[in-house]
Structure formats: structure tokens, C-alpha cells
Amino acid sequence: MGNIQNKNRIDWIDAAKGIAIIFVLIIHYDRRAAGRIAALGLMFCVQLFFFLSGMFANCEKYTFKEYVKRQAKALMLPYAAFSVINIIFHYIFNRGLSLAAFKEIIINILLARRNHMLVAAMWFLPCLFLVSIMYKLLTLLIKNKKLLLLLCFGLSAYAKVFMQEPILPFSANQAVRFLVYFSAGSILFPYLKDLSMEKFHCQNTKVKAALIVYTIVAAVLIYILYKKEYIIYFVNDFLFYLSLFINTVMIISFVVIISVLLAGFKPLVKIGQNTLGFCCLENINRTIVNTAMAVTGIGFMPDTKLKVVVFNFMAMAAGYVVIIFINRFCPVLLGKRRKNNS
């Protein structure tokens, strides 16, 4: 959701981030009400974020010390700041906070373990920080990119099969699990950065036909995943992970294609440019909308897929006002640098 900022933004990448954060917020609100939409999102949205974050790893440009410093500023500083903001909001909205509850919140913030956070999505920031440092260290040891990607795949498969529980500090086992997607994003960035409809139109007929056929086949397979939650099932743990990995890669590639098509849709691009803000403000945004509805007497119970989607878009609209304010006065909280320093 955040990484070292590139002053030259790429619209299709921002569009892809926008798609991913929409799924993330729907999943975190109510998986049961969201139904298969949430089930589909769980298959790819976190992996897609790591893949897109890896595209801006810039590992070769900085020394290890410089890289850690930049990543800490881009990820851990917003994590710390929004943790404080959410604690204050939680205290005010709940009209107090017991000492035991406060200690538990602080411990969970320091440990940054997935599924233990005050704000569900914020585990991603420390985990991404850890993933980026792991990848940087690996690039210092292994120069061959194919070998590097293969090693990351092996580590990720091992973590998925043997390191699921317990969730370690900074979600370290999750970091290893998602390392392959970050590395794939970093390695594939030079080949994907210039994707556009103009590039597509410049291709010969055979390439165009192949891309169209792949898109249709991927859409059909994703629909099957949406309905059944799997395409191929293997009893063996590693083969099951491999099938899940293939499914995820297929969905990610489809989202990339759709994102290129939607790169000109500015609202989605704007959402993608501010995913860190939507991630860290999700509880506050929903509370604002709920409170506004209660004050105005509007009855709205998000108990169906459509209502969950509508409610989350309302919360995102409310949050965007806050994000505009933060972008104007303190962009560093969103992992960004001021324009005159870019």
C-alpha cells in the first residue's frame, strides 16, 4: 500500500492498487455479508499489493543503510503516526480506555502481527517493510534474477505450508510467504512499466489475438474461482500451494490487464494513489459514516453484498476528504515526500 515513492507515477499501477484496496476494505468490513466477493479478494488482493510494491523496490540504487532508512520513512513512520491517531480516536469514540485494553493495543502495535491489529489493514506496513529488507539482502547475495525468483518461490512455499501459525512479530512468517510476489514485481517492473492501450494497438495481430484470448480464458477461470473458490485441488501440501499460487498469478495478471484498460479512469487512479491513507483510516472512515447516518436518522444496514460495497464506497468518500487534508499539510504521513523534495 506504500513504498518508496516515485515522482513519475504510473496510472495503471495506481488503478491496480485502487482495485486491491477496494477488495481489502470490503473483506475487513464483513466477510459473511460480502460473501464470495470477500472470498475472491482473499485470493489475490494482499499478494497484488506486494507485487505492486515490489515494482518500486529500487534495490540497486541505494546502499543497504540508505534503503532501510528510506523504507522506514515511507512505511514505519506512517505506521507509528496512524497508530497514535487511531488510539486517540478509539479513546474518544469509546469514551475511555481501560489500562488493560490500552496495554494490549500498544503490545499489538509493537508486535504488528496480522489479525491482531486495532486497524486490520495496518499489519501490512511493517510486514512490507520486513519483506523489502529481506529482498534487499537477497539481492546483495544473489545477482541472477531467475535464481533469485526461484529462491523466493521456495521460501514462500515453505512459509505457506509450514509457517502458518503462530503469527510472528512484524508478521514475519507472512512476510516470507509473500516474498515471491514482491520479488516478481521488482524483477518484472522493467517489462511492465510501459504497459498501455497504445502499446497494445501497436502489436501485431497474433499478439493482440493471444492477449484477448488469454483475457477471456482468465475471466472464465476467475468466475469459476468466484463460484467455487478453487479450480484444482491437490491433497499434497506443496502441490496445493502451487495450485493456489497459479490461481493467484492468473488473477493478478487479469487485474493488470483490467488496470491498463482503466488507467484513464481518474477516480480509481486517485484511490490507488492514496491506498496507505485508506488502509490506516478505515476504522475512522466507517465510524464517521455510521455517526453521520445515526445523526441524520438514515437507516442503512450493510447486510448484503451490494450494501457492503455501497457502504465502503461511502466510507472511502468520507476518508478521501481527510486524505486531501493530510496530503496538503503533512504528506509524509502517507509515505510521500513534498513535491519540492521529490
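Predicted, not measured: the structure shown is a model, and the values here were computed from it.
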Sub-4.5 Å side-chain heavy-atom contact between Ile222 and Leu40: yes

Student check: side-chain heavy atoms of Thr139 and Phe64 closer than 4.5 Å: no

Summary of salt bridge (Lys or Arg N to Asp or Glu O under 4.0 Å) pairs that have at least one residue in residues 276-304, sequence neighbours excluded: Glu282-Arg286, Asp303-Lys307

Hydrophobic cluster membership, Val321 vs Met293, 4.5 Å side-chain cutoff: no

Taking every non-hydrogen atom, the tightest pair across Leu268 and Ile19: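 It is CD1-N, 3.8 Å.
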
Minimum-distance pair of heavy atoms, taken over all atoms of Asp194 and Lys199: O-CG, 3.3 Å

Checking [X] now: which residues fulfil side-chain contact (heavy atoms from CB on, under 4.5 Å) with it, not counting sequence neighbours?
| X | answer |
| --- | --- |
| Ser98 | Ala100, Ala101 |
| Pro126 | Met76, Tyr79, Ala112, Phe170 |
| Leu99 | Lys103 |
| Lys270 | Gln273, Tyr320 |

In terms of the angle between their ring planes, are [X] and [Y] parallel, tilted or perpendicular, with boundaries placed at 30° and 60°?
| X | Y | result |
| --- | --- | --- |
| Phe56 | Phe189 | tilted |
| Tyr181 | Phe245 | tilted |
| Phe329 | Phe325 | tilted |

Distance-only donor-acceptor check, side chains Asn283 and Asn86, under 3.5 Å: no

Members sharing Ile27's hydrophobic cluster (side chains within less than 4.5 Å): Leu42

Remaining members of hydrophobic cluster (4.5 Å side-chain criterion), Leu111: Ile107

Arg113: salt bridge (Lys or Arg N to Asp or Glu O under 4.0 Å) partners, not counting sequence neighbours: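 With sequence neighbours excluded, Arg113 shows a salt bridge (Lys or Arg N to Asp or Glu O under 4.0 Å) to no residue whatsoever.
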
Set of residues satisfying salt bridge (Lys or Arg N to Asp or Glu O under 4.0 Å) with respect to Lys266, sequence neighbours excluded: Asp11

Where at least one partner belongs to residues 152-162, residue pairs that pass side chain to side chain donor-acceptor pair (under 3.5 Å), sequence neighbours excluded: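 Listed once each, the pairs would be none.
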
Set of residues satisfying side chain to side chain donor-acceptor pair (under 3.5 Å) with respect to Asn115, sequence neighbours excluded: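 If we apply the side chain to side chain donor-acceptor pair (under 3.5 Å) test to Asn115, skipping adjacent residues, there are no hits.
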
State the [atom1]-[atom2] distance between [X] and [Y], to the nearest 0.5 angstrom.
| X | Y | atom1 | atom2 | answer |
| --- | --- | --- | --- | --- |
| Ile251 | Gln47 | CD1 | CD | 8.5 Å |
| Leu179 | Ser183 | CG | OG | 5.5 Å |
| Ile85 | Leu281 | CD1 | CG | 7.0 Å |

Would the distance check show the side chain of [X] and the main-chain N or O of [Y] forming a donor-acceptor pair, the cut-off being under 3.5 Å?
| X | Y | value |
| --- | --- | --- |
| Asn144 | Leu147 | yes |
| Lys17 | Phe49 | no |
| Asn173 | Leu168 | yes |
| Thr275 | Ile21 | no |

Trace of the side-chain contact (heavy atoms from CB on, under 4.5 Å) decision for Leu128 with Phe182: CA-CA 9 Å; Leu128 177 56; Phe182 187 89; 3.8 Å; yes

I'd like a table of donor-acceptor pairs (distance under 3.5 Å, sequence neighbours excluded) in which one partner is a side-chain atom from residues 253-262, with atom names and distances.
residue	atom	partner	partner atom	Å
Ser253	OG	Tyr214	OH	2.5
Ser253	OG	Val249	O	3.2
Ser253	OG	Met250	O	2.7
Ser259	OG	Ala16	N	3.4
Ser259	OG	Val255	O	2.7

Residues, nucleotides or ligands: over 12 heavy atoms within 6.0 Å of Phe102 CZ: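 No, the 6.0 Å shell around CZ holds no more than 12 heavy atoms from other groups.
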
